Amino acid sequence: MTLTLYNTLTRRKETFTPLEPGKVKMYCCGVTVYDYCHLGHARSYIVWDMVRRYLLWRGYQVRYVQNFTDIDDKILNKARQEGSSMEAVAEKYIQTYFEDMDRLNIMKADEYPRATHTLDGIKRLIHELEHKGFAYPAAGDVYYTVGNFSDYGKLSGRNLADMQAGASGRVEVEDPEAAKKKHPFDFALWKAAKPGEPAWESPWGAGRPGWHIECSAMVRQCLGETIDIHVGGADLVFPHHENEIAQSEAVTGKSLASYWLHNGMVNVDGEKMSKSLGNFTTIRQLLDAPNAPEPMAVRLFVMQANYRKPIDFTAEAMAAAQNSWNTLKEGLLFGYEYGKQLGWDVGQASCLSSSPVPSPQEQRFQEAMDDDFNSPGALAVLFEIAKELGKEGNILVHEGKTKTPPTQLEAQWKTLVSLANVLGLSVQPETQTNESTDGLSDAEIDDLIQQRQAARKAKNFAEGDRIRDQLKAAGITLIDTPEGTRWHRN
RNA sequence: GGUCAGGUAGCCAAGUGGUUGAAGGCAUCAGACUGCAAAUCUGAUUUUCGUCGUGGGUUCAAAUCCCACUCUGACCUCCA
């Protein structure tokens, strides 16, 4: 089986062939750190985390690099608002980025380059561009000469003439840079320092780098002149990624990346979630709200759709994803709950590895994921196993034993856990049982259940139901079975 | 206006010519179970004509290929 992926550059699915067998160099455009991440960011990084994990599972050695843009007007504005500095604002939101991503179980990148740490590489690149005739200085700024790069527009499928025609019909915004540019689509590589703003010395005078140049410099510095996979949000295709190509390829004469992958946007009421529209929900707002979905439900929400298609964020959809996760979670917890009873050595989930011979489920999983990361198809396999284990678990609870051989259940469970892990979906069995929520201890709950049982035995159902309601209000759900009452925290 | 991506059953979402009489999830309803519930299980909402945005066409055969139309979103400005 071969892995195929949809390449924005060619607008079709292609077989994946790394530059170097068995190794993948992957670069992801990260965030500009001036605010908390919202669900659009969450989707993007969940998707690329999934891709990375899948490549690892497929046996590739993956080097994954993701940047932080820590020089930017929006960061400066924020700093002014808060009476703070650009560094302080950037540092704060880099930390909150990590906090949010940790909760979503997103693996750490191998390297996190920052614009402020890449100035030498940026200046060198601009210098080379200037030397090769792709850049020109203008009153302290330096601009890229779009017209000199013949491939300009190859990624986004546009040409300069069309864009100018289109732009003419749009409202012209007062742009102080416009007067300095030779061509309206030329873009800034270096911006002259403004009074009171952070600036770095350069051959063109004090100033700071433009946005696009940092990624070109970082890719080159961290991964080399050509990488395998370059990823980011679909809104970055133009102009950001187009400009990256223009910058890097003009200098190296080699293609920047073999494959360009882009994730679809998160929509709210049919419109893209974005800062400017004000229709965004931050990751922490969502996860910290009352009745918040679990982080894994958010992952599931994202992965239940194809990564390239837009998804509509609604409270209903999120609630549905939480319910879906509950189903999956039950299957994932099966081994922790019943493994001992079935006589198998559970060991540590992290040590689980799939058996050398792929099971039919693993094959179907791989088939789906090999097809441009068809995570909805892959999840169908997980749900089938989880449902089956859930059923078996129910039988075990009610009858104390099952007809299915324990070794078979063990294999099923291990398959489920390992495949779920490929999608970054995992459960923490310890915290499932030892949560000390809302003051009620396990003993107190057991005691209340005893009281309820006594009341029911005495046909005092009003009292029995009262206790049930009381526990429900405290977030405890009771499950009555012929053998007794089980309970769990919601 | 230009470029690109899509419109699948109550909702989300796979499926890109016959084994799909549409995977999987969610939801709702009914039955079993229960003192009543919850959880769970079974079935239905999706089985013969007419289901896959609409209308044509190709084919022995189409959700799946072709043409036209229509609707939606993204990008063309910072944006994951």
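A, B, ... follow the sequence lines: proteins, then strands. Residue 1 opens every chain. Side chains included, hydrogens not; waters and symmetry mates left out as well; all remaining heavy atoms used. Computed from a predicted model, the values in this text were never measured in an experiment.
You won't find any donor-acceptor pair under 3.5 Å spanning the side chain of A:N306 and the base of B:G6, going by distance alone. For B:A37, the base has a donor-acceptor partner in the side chain of A:R468 [N/O atoms by modelled type, under 3.5 angstrom]. Donor-acceptor pairing under 3.5 Å, judged by distance alone, is absent between the side chain of A:R308 and the base of B:C4. The base of B:A37 is paired with the side chain of A:D480 by a donor and an acceptor separated by under 3.5 Å.
Side-chain atoms of A:E463 and A:Q451 form no donor-acceptor pair, as typed in the model, at a separation below 3.5 Å. A donor-acceptor pair shorter than 3.5 Å cannot be found between the side chains of A:D446 and A:Q450.
B:A5 and B:U72 make up a base pair, with Watson-Crick or G-U wobble contacts both under 3.5 Å. Remark: B:U19 base-pairs with no nucleotide; criterion is Watson-Crick or G-U wobble with both hydrogen-bond distances under 3.5 Å. The partner of B:C78 is absent, by the rule that a Watson-Crick or G-U pair needs both atom distances under 3.5 Å. In this structure B:C29 sits in a base pair with B:G43, meeting the Watson-Crick or G-U test at under 3.5 Å.
A distance of about 46 Å separates the C1' atoms of B:U46 and B:C78, rounded to the whole Å. For the P atom pair drawn from B:U16 and B:G53, the interatomic distance equals 15 Å after rounding to whole Å.
Summarising the geometry, the separation between CE on A:M318 and P on B:A13 is reported as 14 Å, rounded to the nearest angstrom. A straight line from NE2 of A:H212 to C1' of B:A80 spans 15 Å, rounded to a whole angstrom.
At a threshold of 4.0 angstrom between heavy atoms, the contacts of A:L236 are confined to the sugar-phosphate backbone, with no base atom among them. A:V266 comes within 4.0 angstrom of a base, heavy atoms only. Across all strands shown, A:V31 has heavy atoms under 4.0 Å from sugar-phosphate atoms exclusively, and none from any base. Counting non-hydrogen atoms under 4.0 angstrom, A:K387 reaches the backbone sugars and phosphates but no base. Note on A:A320: only backbone sugar-phosphate atoms sit closer than 4.0 angstrom, heavy atoms only; bases stay farther off. Among the heavy atoms of the strands, none lies under 4.0 Å from A:F301. No engagement by A:N460 is indicated, since no non-hydrogen atom pair under 4.0 Å with the nucleic acid exists.
In summary, A:R208 and A:E214 do not engage in a salt bridge, as defined by a charged side-chain N under 4.0 Å from a carboxylate O.
Here the side chains of A:E82 and A:V89 are in contact, with some heavy-atom distance below 4.5 Å.
Taking for each of A:F238 and A:N263 the nucleotide of RNA chain B with the nearest heavy atom, the 5'-most of the two is the partner of A:F238.
Remark: A:Y307 is not in phosphate contact with B:A80, judged by side-chain N or O atoms under 4.0 Å from OP1 or OP2. For A:K309, no side-chain nitrogen or oxygen approaches OP1 or OP2 of B:U72 to under 4.0 Å. For the OP1/OP2 pair of B:U3 and a distance below 4.0 Å, the side-chain nitrogens and oxygens of A:N159 include no atom meeting the criterion. Side-chain nitrogen and oxygen atoms of A:S156 include none within less than 4.0 Å of the OP1 or OP2 phosphate oxygen of B:C4.
Applying the 5.5 angstrom centroid cut-off and the 30 degree plane-angle cut-off, the aromatic ring of A:F383 is not stacked upon the base of B:G24.
Between A:W260 and A:H262, the ring planes lie parallel to each other; the angle is under 30°, not in the 30° to 60° tilted range. Aromatic ring pairs are classed by plane angle as parallel below 30°, tilted from 30° to 60° and perpendicular above 60°; the pair A:Y338 and A:F334 is tilted.
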